[in-house]
Every structure is written in C-alpha cells, then in structure tokens.
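Numbers restart at 1 for each chain; the letters A, B, ... are given by sequence-line order, proteins then strands.
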Protein chains: 2
Amino acid sequence: MEESKNHILQTALLLFLEKSYKAVTFKELMEQTGFSKGAFFHYFKNKKEIFEAVIDMYLGHFMAIDFTKLPQTNLREFLDAYFPTARKMRTGFLPLELVNATNRYALMFEALRILPDFKSKVTRDEENTLAAWTSLIANARSRQEIKTVMPDEQLARLFIDASHGIVIHSIMTDNVEAIETEALSSWNNLYLLVKA
Amino acid sequence: MEESKNHILQTALLLFLEKSYKAVTFKELMEQTGFSKGAFFHYFKNKKEIFEAVIDMYLGHFMAIDFTKLPQTNLREFLDAYFPTARKMRTGFLPLELVNATNRYALMFEALRILPDFKSKVTRDEENTLAAWTSLIANARSRQEIKTVMPDEQLARLFIDASHGIVIHSIMTDNVEAIETEALSSWNNLYLLVKA
DNA sequence: TTTTGCATACCGACCATTCGGTATGTTTTG
DNA sequence: CAAAACATACCGAATGGTCGGTATGCAAAA
C-alpha cells in the first residue's frame with residue numbers, strides 16, 4: 001500500500017517536474033508506473049489530488065533546507081557548509097539530475113498557480129529562511145566577524161537574493177551546472193565586503 | 001490583416017501569461033478574441049505556432065531593457081533611472097497589472113521547455129545584460145565613483161543577481177508589489193558597500 | 001466602365017482522438 | 001471469506017485540427 005503509493009508519487013513527481021500539470025496525462029502515468037488507471041483512482045480521488053500529494057512530498061523533501069543542521073553563529077562556516085548539507089538532504093531520494101534548477105522552479109510556479117494553499121506554505125518557508133539568515137548575521141556581527149552599517153535583515157537579503165538570482169541567471173545563461181560554484185563565489189564576494 | 005493578427009497575439013499573450021500552454025484552449029482563444037476557429041488557422045499553422053509568435057512578440061517588447069537609454073558611466077544615476085525607464089518601455093502596450101512578475105517568470109519557464117530556440121535567445125539577452133552592467137561598473141570604477149578589489153564582472157553579477165533574486169523572493173513571500181522598492185534598497189546597500 | 005477572375009479574411013460544422021473519470025470486475029492478502 | 005489492491009471496459013466531454021463555404025476587395029480583361 002504505502003509502497004505503491006510512494007512509487008506513484010515519485011514517478012508523478014518526475015513527470016510534473018518536466019511538464020506542466022495539464023501536459024501530464026494518465027496515459028503517461030500508467031506507462032511510467034506500470035500501474036493501471038484503476039490503481040490511481042484507488043489511491044487518489046482525482047488528478048488534482050495526485051498533484052497535491054506530489055507537491056506536499058516535494059515541499060517536505062526538496063525545497064527548504066534544515067537550518068538547524070548548519071552552523072548558526074559563524075558566517076564563514078555556514079557558507080562553506082551550506083551546499084554539502086543541501087546536497088545530503090536530497091540524495092537517496094530521487095535521480096537528482098532530473099531535478100534540475102529549471103524544472104524545480106517551473107514546478108514551483110505551476111504549483112503557485114494551481115494550488116491555492118501552496119503560496120502560503122512557500123511564503124512561510126521563505127520567511128523562515130530569512131529569519132535564519134538574519135539571526136546568523138546578527139550572531140556574526142556580535143562576534144565581530146563582520147562589520148557594516150547595513151541592518152541584519154538587509155544583509156541577509158543580499159545573501160538570499162544572490163542565491164535565488166544566481167539560479168535564475170544560470171538558467172538564463174544555460175549554465176546550471178555552475179550554480180553551486182557561482183553561488184559560493186558571489187557569497188564570498190559579499191563576505192569580503194562586510195568582513196571585519 | 002496585421003491588426004487582426006496583433007489582436008490575436010495580444011489576447012493570446014494574456015492567456016499564456018496566466019495559464020500553461022496546454023491549459024490554454026482554442027475555446028478560450030475564440031471567446032476572448034471574438035474570432036472563430038477558422039481565423040486562427042488562417043493566420044497560423046497550429047497552436048504551437050501561435051505560442052511561438054506570442055513569445056517572439058513578448059521577447060521584443062517585454063523582456064530585456066534597452067541599455068542605451070540608460071546612463072552608462074555613472075552607476076548612481078543608472079540605478080535611479082533603471083525602473084522609470086523599464087516602466088516606460090512597457091506602458092501603452094498591454095494592461096501591465098496582468099503582466100506581473102509571477103506570470104512573467106512562469107511564461108519564461110514554459111517557453112524554455114516548449115520552444116527549443118527560446119533558450120538561446122534568453123541566453124543572448126542575459127549575456128548582453130551582463131556585458132552592459134560590467135561596462136557600467138568599469139566606467140564607474142575608472143571615474144573613481146566606486147572602489148573595491150572585486151572584479152568588474154563579479155560586481156556586475158552581484159547587482160544583476162540581486163534583482164533576479166528579489167523578484168523570486170518577492171514572489172515567494174507574496175509581496176510582488178514591493179519589487180521595485182526592494183530592488184532599489186538592495187542596490188543601494190550594494191552601492192554603499194563599494195562606493196569610493 | 002463594367003465584368004470576370006482570383007486572392008484574402010473569416011466562419012462554423014465536422015472529425016478523430018484523447019482526456020479525466022467511473023463502474024465493474026478479478027486477484028491478492030490478511 | 002472479506003476487504004484491500006489492483007485491472008479492464010467503457011463513457012461523455014473536450015481537444016486540436018480540417019474542410020467546404022462565403023463575403024469582400026482588387027486587379028486584369030473586355
């Protein structure tokens with residue numbers, strides 16, 4: 001039961017990652033999962049409920065990072081630990097090559113438009129992220145690791161927006177392989193600007 | 001002829017902005033334009049060709065900014081002039097409220113996945129943007145407006161990525177109205193960090 | 001100057017296919 | 001044997017696309 005349902009959800013996630021909601025059909029879902037149509041309607045009420053379940057799972061496993069697993073006082077250590085930790089969170093769950101940046105963002109936008117409840121979850125996630133960074137910055141400042149007149153939250157925003165922006169820029173320049181490297185480079189530049 | 005075709009394209013753009021390619025149907029296109037199905041197939045070979053034409057028009061009128069219309073040596077003036085210029089480019093063409101950030105990015109992602117040629121155009125656009133910013137930074141540095149050890153292009157990236165990232169962050173925090181304000185604030189913070 | 005011929009612009013009925021969804025099985029499992 | 005886990009057959013609606021037709025304009029021919 002739980003196994004079949006998970007199999008359906010993982011397969012559906014891969015499809016929804018590469019195509020829009022409407023573009024994914026039961027035909028494909030059946031082919032990719034090996035299940036018949038009856039199985040789908042046994043576990044889910046309709047197509048939208050499958051999509052909702054997929055997004056729920058996706059949000060839990062892929063979107064936000066668990067900041068408690070990262071250094072919370074030392075900014076330098078935080079930056080260096082970020083991507084290894086992020087990568088570890090996701091491995092073992094899905095073929096990560098398919099979960100590339102373009103598809104991840106496309107899926108987020110699709111969910112934002114289709115699922116009314118999704119927006120508030122994303123908002124909460126992003127606010128938590130901002131809070132975590134802000135607290136980190138404040139700690140780094142009080143430890144005199146950094147020194148600047150910029151308020152904590154605004155500096156936190158510079159780091160966060162840089163990481164979002166690098167993804168978009170990398171997508172647009174067809175250079176998604178370099179996202180981690182470029183993010184580290186930009187974070188480092190920011191860091192040097194505010195280092196005490 | 002040209003008028004009818006434009007009417008179709010503008011109406012189709014609005015639909016493709018708010019829904020995915022597959023989710024937009026001829027039924028809706030007919031209702032919104034007032035044209036019959038025959039008209040569409042008179043002007044276009046099929047649905048995909050309509051989408052392509054829409055994206056072509058969209059790219060020309062909405063995406064990139066004309067950097068020649070902006071100050072190219074003074075960074076401060078450039079930042080202040082950016083959004084007024086950008087806004088001017090777009091007015092008079094479509095109801096801009098509908099062309100909000102979420103829909104614009106969603107359309108870009110959809111086009112990236114559906115139209116094979118789109119990626120290269122976006123890439124070229126983004127590379128031009130980077131070149132323009134880099135040149136601007138170089139000028140500002142040689143005028144001693146700014147002073148930092150960071151290379152021109154990397155500093156340009158910080159500004160560009162900040163603007164992309166702010167859009168994403170604003171979408172995720174459901175705060176798209178504030179995009180311009182926040183971008184100006186972040187740009188200003190960056191500016192203060194590197195000002196001579 | 002009128003008529004003929006043809007191209008353009010558009011309509012709407014029609015078509016095959018595909019879609020999501022249901023109703024009814026059959027098999028497996030506890 | 002009863003309930004859960006599927007499979008199969010089928011349905012109505014919607015989809016993208018076609019096709020024959022018409023109304024209008026415009027240029028060449030008479």
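- Donor-acceptor pairing under 3.5 Å is recorded for the side chains of A:Tyr191 and A:Glu145.
- Between A:Phe41 and A:Phe26, the ring centre distance stays below 6.0 Å.
- An OP1 or OP2 oxygen of D:dA5 is reached within less than 4.0 angstrom by no side-chain nitrogen or oxygen of A:Ser4.
- When the ring pair (Phe, Tyr, Trp, His ring centres under 6.0 Å) test is applied to A:Tyr43, no partner is found at least two apart in sequence or on another chain.
- Between B:Met150 and A:Leu193 there is a side-chain heavy-atom pair separated by less than 4.5 Å.
- Between A:Tyr43 and D:dC6 there is a side-chain N or O to OP1 or OP2 distance below 4.0 Å.
- Note on B:Arg76 versus B:Asp80: salt bridge recorded, some NZ/NE/NH1/NH2 to OD/OE distance being below 4.0 Å.
- In this structure, CZ of A:Phe44 is placed 12 Å from P of D:dA5, rounded to the nearest angstrom.
- One atom, CE of A:Met30, and another, P of C:dC19, lie 11 Å apart when rounded to the nearest Å.
- In this structure, A:His42 does not reach the D:dC6 phosphate: none of its side-chain N or O atoms is under 4.0 Å from OP1 or OP2.
- Whole-Å rounding puts the B:Glu3 CD to C:dT8 P distance at 19 Å.
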Worksheet item: How does protein reach along nucleotides 16-26 of chain D, written 5' to 3' as B (base within reach of a heavy atom under 4.0 Å), S (only sugar-phosphate), or - (no contact)?
Response: BBB--------
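- Under a cutoff of 6.0 Å and an axis angle of 45°, A:Lys5 and A:Phe44 form a cation-pi pair.
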